[in-house]
Student: 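This is the structure I want to talk about, given as structure tokens.
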Amino acid sequence: MTSPAAAEIARLTLERDELAVEMRELQGHVERMARDLAALDDEIASLRRVQAELVRRHPELGSG
């Protein structure tokens, strides 16, 4: 026979473990999103440099 306290400890431990797994999954998702965001920022910066160089070489492109 299991005591009520032992049953509650087991239930809470299981709940804690499930939350820990979910938190690790969310952290992994956030890390992937941060990498994707950084890659997009790099791509935007690169395109802005290309755009600036094009406008420098062809000022007429900067008016539109």
Side-chain angles (χ1 to χ4, degrees):
M1 182 166 141
T2 305
S3 72
E8 184 66 4
I9 290 169
R11 185 187 72 75
L12 292 173
T13 300
L14 178 61
E15 184 177 341
R16 182 197 64 203
D17 292 346
E18 290 171 349
L19 286 173
V21 167
E22 186 176 345
M23 186 174 72
R24 284 192 298 274
E25 290 171 351
L26 288 171
Q27 287 171 331
H29 187 66
V30 167
E31 289 169 3
R32 283 187 300 278
M33 290 176 68
R35 286 191 302 270
D36 291 348
L37 181 60
L40 287 172
D41 285 341
D42 291 346
E43 188 172 344
I44 289 168
S46 176
L47 288 170
R48 285 185 173 150
R49 286 189 298 273
V50 169
Q51 181 184 34
E53 182 62 19
L54 283 172
V55 169
R56 187 186 70 74
R57 291 181 185 193
H58 304 280
E60 69 277 8
L61 294 176
S63 61

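Throughout, residue positions are numbered sequentially from 1 according to the sequence presented.
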Student: Only pairs under 3.5 Å count here: list side-chain donor-acceptor contacts from residues 26-42, not counting sequence neighbours, and write none if there are none.
Tutor:
from  : atom 1 : to    : atom 2 : distance (Å)
Arg32 : NH1    : Gly28 : O      : 3.3

Student: I'd like a table of donor-acceptor pairs (distance under 3.5 Å, sequence neighbours excluded) in which one partner is a side-chain atom from residues 7-22, with atom names and distances.
Tutor:
from  : atom 1 : to    : atom 2 : distance (Å)
Glu8  : OE1    : Arg11 : NE     : 3.2
Glu8  : OE2    : Arg11 : NH2    : 2.8
Arg11 : NH1    : Glu15 : OE1    : 3.2
Thr13 : OG1    : Ile9  : O      : 2.7

Student: Which side-chain N or O atoms in residues 48-59 pair as donor and acceptor under 3.5 Å with protein atoms at least two apart or in another chain?
Tutor:
from  : atom 1 : to    : atom 2 : distance (Å)
Glu53 : OE1    : Arg56 : NE     : 3.1
Glu53 : OE2    : Arg56 : NE     : 3.4
Glu53 : OE2    : Arg56 : NH2    : 2.6
Glu53 : OE2    : Arg57 : NE     : 2.7
Glu53 : OE2    : Arg57 : NH2    : 3.4

